[in-house]
Amino acid sequence: MSTEERAGRNFIEEAIEEDLKAGRFDHVHTRFPPEPNGCLHIGHAKAISIDFGNAQKYGGKCNLRFDDTNPTKEETSYVDAIKQDIKWLGFDWEDREFYASNYFERLYQWAVQLIKAGKAYVCDLDADLVREYRGTLTEPGRESPNRWRAAEESLDLFERMRAGEFPDGSHTLRARIDMASPNLNLRDPVMYRIMRARHHRTGDAWCIYPTYDYAHGQSDSLEKITHSLCSLEFEDHRPLYEWYIRELGIFPSRQIEFARLNLTYTVMSKRRLLEMVEQGVVRGWDDPRMPTLSGMRRRGFTPEAIREFLKRVGVAKADTVIDYELLEHCVREDLNKRAPRVMAVLRPLKVVIENYAEGQTEEFDAVNNPEDPSAGTRKVPFSRELYIERDDFMEVPAPKYYRLSVGREVRLRAAYFLKCTGLVKDSRGEVVELRCTYDPATRGGDALDGRKVKATIHWVSAAHAVDAEVRLYDHLFSKTNPDDAPPGLDWKANLNPKSLATLAGCKLEPSLAGAKAGERFQFERLGYFCADTEEGIRGQGLGVGENRKLAFNRTVSLRDEWARIQKQAK
RNA sequence: UGGGGCGUCGUUCAACUGGCAGGACCCAGGACUUUGGAUCCUGUUAUGAAGGUUCGAUUCCUUCCGCCCCAGCCA
């Protein structure tokens, strides 16, 4: 292996290669182990790409395993959503869809084995007492009164726990390890708790459920996972997983921990995302402002852009907060290459071309994508009355503003030069219409006399335009770090009240009338937009039939030099 | 205070394991442009601190400082 190949390798890849070289494993088998208690977010996408990515890279396999050990929080609907998201991201677990709940009987038998070996016991302490006996960070814990109870007695009690003889919370099965361990996870951790809850897969078959800590390592072991990749907070749990594996004498996976992904201007914990969903701060898990994969999908992000983003983010052990701008950069880069250009006027201002005959129409060929000649051209209708963007006209032009103003000439994209000759105001003094003239000699956008214009603006023929609703999204939080809240307030105080702006009555070029849900476009000079999948017509795309309602979500704006200049001027 | 981790440009990842600290994003200039887009060029800024070993330290040693995680019958 050349030095070039070695360089740039992350620490997980180095570890895997060491293992392969040293013969600790002769292949690579990983797993992605979500709990079906919420939807996947971009942080999970990092884990997915590490788990599936390393399997791919080393010619191995990656399992999908639902860690469903807590029936009070888990639902089948989340299982389905998670599967959909992983597929969408572009990864495939083939037929290896597993559940920790598949192993309940096996885990139970192992627990029995540990009890018989004197390594586990039934404890009668309730939750409060268990906590009290555990000690603190600096003081050792105390032994449970039942710690040395005979194995036969524990066995009997454990069987009766399973049989449903005891009320919820009255007993637990605990591993007998070390109440004085500086690692609290080793102070006789709970293996089983009594919980009368219907499980999404096993129904009412069980009234005792294994804890995650008891189930996880053995699940990996059962699946012969070689490399169990997880996030940093489980580092302290590794000695516990290894204890179970050792005591049971079963296949030892190697756990390697990496830092989770954080993004500026957002929160990334399922608990908080759930809270926003439940409190109606957002419209659901797939609200386009959410960092969930379903939200990002609806927003218009591509799986390719997300994978590229993750690649650039890298893998390390230091806590990280990635600039949201990097994500934006990656979508723009991807969509620039693939999204067809169209013209859409979000805040319409009417233009009447005085020297263009009433009732006359013509069509122009507009380039679909200057980055991709094979994308071809389309027809765009033109007529005497147009809509242009309000922002593309200034009654009193600011310095360095070189769009339209009375007396100025600009180019209408793919059409003609247009000169503003006057304006019409309403009773409140607001400009409601521009009077203009066009130059017939500039058809297609070039002046034969060689004269130049400083700006090219987009437009839509009023008579041919289709109406749509367009949603403009901004950061969900107004601070880069939502936790940076005033004294006494929490992260919710930093919710951005302007994270959603809904614009009705937007005017789109007619080619957009048949846009299908999920289709992405560049609205020229504005940004990338995605036809919404929720509103409009279920399944068959938008803009047809009785339910006609076109709606687009802004994925990301184009980089905006003018906005920068304005900002600097302030 | 116990244990486990982590400290390299503003952000993130590198530096072939002792040899000129590099890339990407961001930012600032400029070129080009029928998108103030894209593209291209240029530029600013970093090894947490102090000692030590060495011809030479981001890398090895010592001490210190800072940040994150752990006291669920959550995962």
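Order of the sequence lines fixes the chain letters, A, B, ..., with proteins taken first and strands second; residue numbering starts at 1 for each chain. The structure displayed is predicted, hence computed values, not measured ones.
The ring of A:Phe529 has its center closer than 6.0 angstrom to the ring center of A:Phe523.
In this structure, CD on A:Glu389 lies 14.5 Å from CH2 on A:Trp459, to the nearest 0.5 angstrom.
As rounded to whole Å, 17 Å separates atom C1' of B:G2 from atom CD of A:Glu235. With rounding to whole Å, A:Arg260 atom CZ is found 16 Å from B:C6 atom C1'. Rounded to whole Å, atom P of B:G72 lies 18 Å from atom OH of A:Tyr212. Between the C1' atom of B:A75 and the NE2 atom of A:His41 lies a distance of 12 Å, rounded to the nearest Å. The nearest whole Å value for the distance from the NZ atom in A:Lys567 to the P atom in B:C27 is 8 Å. Atom pair A:Glu561:CD and B:U33:P shows a separation of 16 Å (rounding to whole Å applied). In this entry the distance linking CZ of A:Arg312 with C1' of B:A24 reads 6 Å, nearest Å.
A:Gln522 comes within contact range of at least one nucleobase, with a heavy-atom separation under 4.0 Å. Within the nucleic acid shown, A:Leu412 has no heavy atom closer than 4.0 Å to any nucleic acid atom. Using a 4.0 Å heavy-atom cutoff across all strands shown, A:Ala316 reaches sugar-phosphate atoms only and no base atom. At a threshold of 4.0 angstrom between heavy atoms, the contacts of A:Lys400 include nucleobase atoms, whether or not backbone atoms are also involved.
One finds a side-chain N or O of A:Gln568 lying less than 4.0 angstrom from the OP1 or OP2 phosphate oxygen of B:A28. At B:G4, none of the side-chain N or O atoms of A:Gln255 fall inside 4.0 Å of OP1 or OP2 (strictly under the cut-off). Residue A:Arg413 has no polar side-chain atom (N or O) positioned under 4.0 Å from OP1 or OP2 of B:G37. Contact check, A:Arg564 against B:G29: a side-chain N or O comes under 4.0 Å of OP1 or OP2. Distances shorter than 4.0 Å separate some side-chain N or O of A:Arg131 from OP1 or OP2 on B:G72. Between A:Arg332 and B:A38 there is no side-chain polar atom (N or O) within less than 4.0 angstrom of OP1 or OP2. In this model, the phosphate group of B:G72 is not approached by any side-chain N or O of A:Arg187 to a distance below 4.0 Å at OP1 or OP2. Contact between the side-chain N/O atoms of A:Arg9 and the OP1/OP2 oxygens of B:C16 is not found at any separation under 4.0 Å. Remark: A:Arg134 is in phosphate contact with B:G72, judged by side-chain N or O atoms under 4.0 Å from OP1 or OP2. Side-chain nitrogen and oxygen atoms of A:His329 include at least one within less than 4.0 Å of the OP1 or OP2 phosphate oxygen of B:C25. In terms of phosphate contacts, A:Arg411 brings no side-chain nitrogen or oxygen within less than 4.0 Å of OP1 or OP2 of B:U35. Remark: A:Thr136 is not in phosphate contact with B:G2, judged by side-chain N or O atoms under 4.0 Å from OP1 or OP2.
Judged purely by distance below 3.5 Å, without hydrogens or angles, the side chains of A:Asp188 and A:Tyr121 pair a donor atom with an acceptor atom. Between A:Gln255 and A:Glu257, the side chains place a donor N or O and an acceptor N or O closer than 3.5 Å (distance only, hydrogens not considered). No side-chain N or O of A:Tyr416 forms a donor-acceptor pair with one of A:Asp439 less than 3.5 Å apart. Under the 3.5 Å distance criterion, with hydrogens and angles disregarded, no donor-acceptor pair is assigned to the side chains of A:Thr30 and A:Asn54.
Counting atom types as modelled, A:Arg341 pairs a side-chain N or O with a base atom of B:U35 as donor and acceptor under 3.5 Å. The base of B:G3 lies close enough to the side chain of A:Asp236 for a donor and an acceptor atom to sit less than 3.5 Å apart. Side-chain atoms of A:Glu257 stay outside donor-acceptor range of the base of B:G4, with no qualifying N/O pair under 3.5 Å. The base of B:G5 does not come close enough to the side chain of A:Asp319 for any donor and acceptor atom to sit less than 3.5 Å apart.
B:G7 is paired with B:C65 under the Watson-Crick or G-U wobble criterion, all donor-acceptor distances under 3.5 Å.
Put simply, the residue from A:Met195, A:Arg198, A:Arg196 that forms a side-chain contact (heavy atoms from CB on, under 4.5 Å) with A:Thr72 is A:Met195.
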